[in-house]
There are 2 protein chains.
Amino acid sequence: MKNRLKLLRAERDWSQGELATRLGISRQSVNAIETGKYDPSLPLAFRIADLFALRIEDIFLRDEEGAGE
Amino acid sequence: MKNRLKLLRAERDWSQGELATRLGISRQSVNAIETGKYDPSLPLAFRIADLFALRIEDIFLRDEEGAGE
DNA sequence: GAGGCATGTCAATGACACTTTACATTATGT
DNA sequence: ACATAATGTAAAGTGTCATTGACATGCCTC
């Protein structure tokens, strides 16, 4: 399960801490998700999608998706 | 976090056990998700969406969504 | 009424999501 | 050189996801 979180965050010039605050989670959780340590829970994935006004499928990708690029 | 799992399963005439097998999880897990005991992990949510050929947002709903119906 | 099937639920266990505290690194500014 | 901000990482703790095994119910059929 890959994700485009780091990219989306960079587009908005947000630090990990700032994104964490907006999501109501810890900075370390943001870091862990970005660096692929684990996947967020489904409710958190929805909050992330809402924050960026995107669909979950546009932020989180199956491991094959977009891999060959 | 609500979900339309029971409905989608009924449309296909699958038992909880049959759905569980197709998803590679236990029957009790299917039951627990359907009865709202907990939400699936994000990877499992993707597997469910793939199985029904739907988007996650079309199966799992924020608590407000479609509530007033 | 006995047998099978689908469902709901409970207890116990292991794995993972998320937390706090803490430390190291790198870059920037004074 | 010192301080600050951002990032990466680690350990320990809590709660939730998901597991198996078991038991009870209702339905359907024989």
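Just so we're on the same page: letters track the sequence lines, and every chain starts at 1.
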Going by heavy atoms in the side chains, are [X] and [Y] under 4.5 Å from each other?
X       : Y       : answer
A/Leu51 : A/Leu8  : no
B/Leu44 : A/Leu42 : no
B/Phe46 : A/Met1  : yes
A/Trp14 : A/Thr21 : no
B/Arg22 : B/Arg47 : no

Could you provide the dot-bracket string of DNA chain C, using ( ) for intrastrand pairs, [ ] for crossing pairs and | for bases paired to another strand, with Watson-Crick or G-U pairs below 3.5 Å?
||.|||||||||||||||||||||||||||
With the criterion being N/O to N/O and under 3.5 Å, what pairs connect the protein with nucleotides 3-11 of chain D, and how long is each?
| residue | atom | partner | partner atom | Å |
| --- | --- | --- | --- | --- |
| D/dT7 | OP1 | A/Arg9 | NH1 | 2.8 |
| D/dT7 | OP2 | A/Gln16 | N | 2.6 |
| D/dG8 | OP1 | A/Lys6 | NZ | 3.1 |
| D/dG8 | OP2 | A/Gln16 | NE2 | 2.5 |
| D/dG8 | N7 | A/Arg27 | NH1 | 3.3 |
| D/dG8 | O6 | A/Arg27 | NH2 | 2.9 |

Where is the tightest heavy-atom contact between [X] and [Y], given as atom of each residue plus distance?
X       : Y       : result
A/Ile25 : A/Ser29 : CD1-CB, 4.0 Å
B/Glu34 : B/Lys6  : OE2-CA, 3.6 Å
A/Leu19 : A/Arg9  : CD2-CD, 3.7 Å

Are any of the side-chain nitrogens in A/Glu18 or A/Arg12 under 4.0 Å away from the carboxylate oxygens of its partner?
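Looking at A/Glu18 and A/Arg12, the cut-off is not met.
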Output yes when a side-chain donor or acceptor of A/Asn3 lies under 3.5 Å from a complementary backbone atom of A/Ile33, and no otherwise.
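Flag set: sc A/Asn3 to bb A/Ile33 pair under 3.5 Å.
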Touch check for B/Ser26, heavy atoms < 4.0 angstrom, all strands: base, sugar-phosphate only, or nothing?
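Result for B/Ser26 = base.
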Select base, sugar-phosphate, or nothing to describe what B/Ser29 touches, counting heavy atoms under 4.0 Å on all strands.
base
Would you kindly give the CD1-to-P distance between B/Ile25 and D/dT19, to the nearest whole Å?
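Going from B/Ile25 (CD1) to D/dT19 (P), I get 5 Å.
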Euclidean distance, atom CZ of residue B/Phe60 to atom P of D/dC17 [Å, nearest integer]:
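Spelled out: CZ on B/Phe60 to P on D/dC17 is 12 Å.
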Shared hydrophobic cluster, B/Leu61 / B/Ile48 (ILVMFWY, side-chain heavy atoms < 4.5 Å)
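Result: no, two separate clusters.
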Covered region of DNA chain C, 5' end to 3' end, by chain B [heavy atoms, under 4.0 Å]
C/dA6 to C/dT9
Would you please confirm or rule out a distance under 4.0 Å between OP1 or OP2 of D/dT16 and any side-chain N or O of A/Ser41?
no
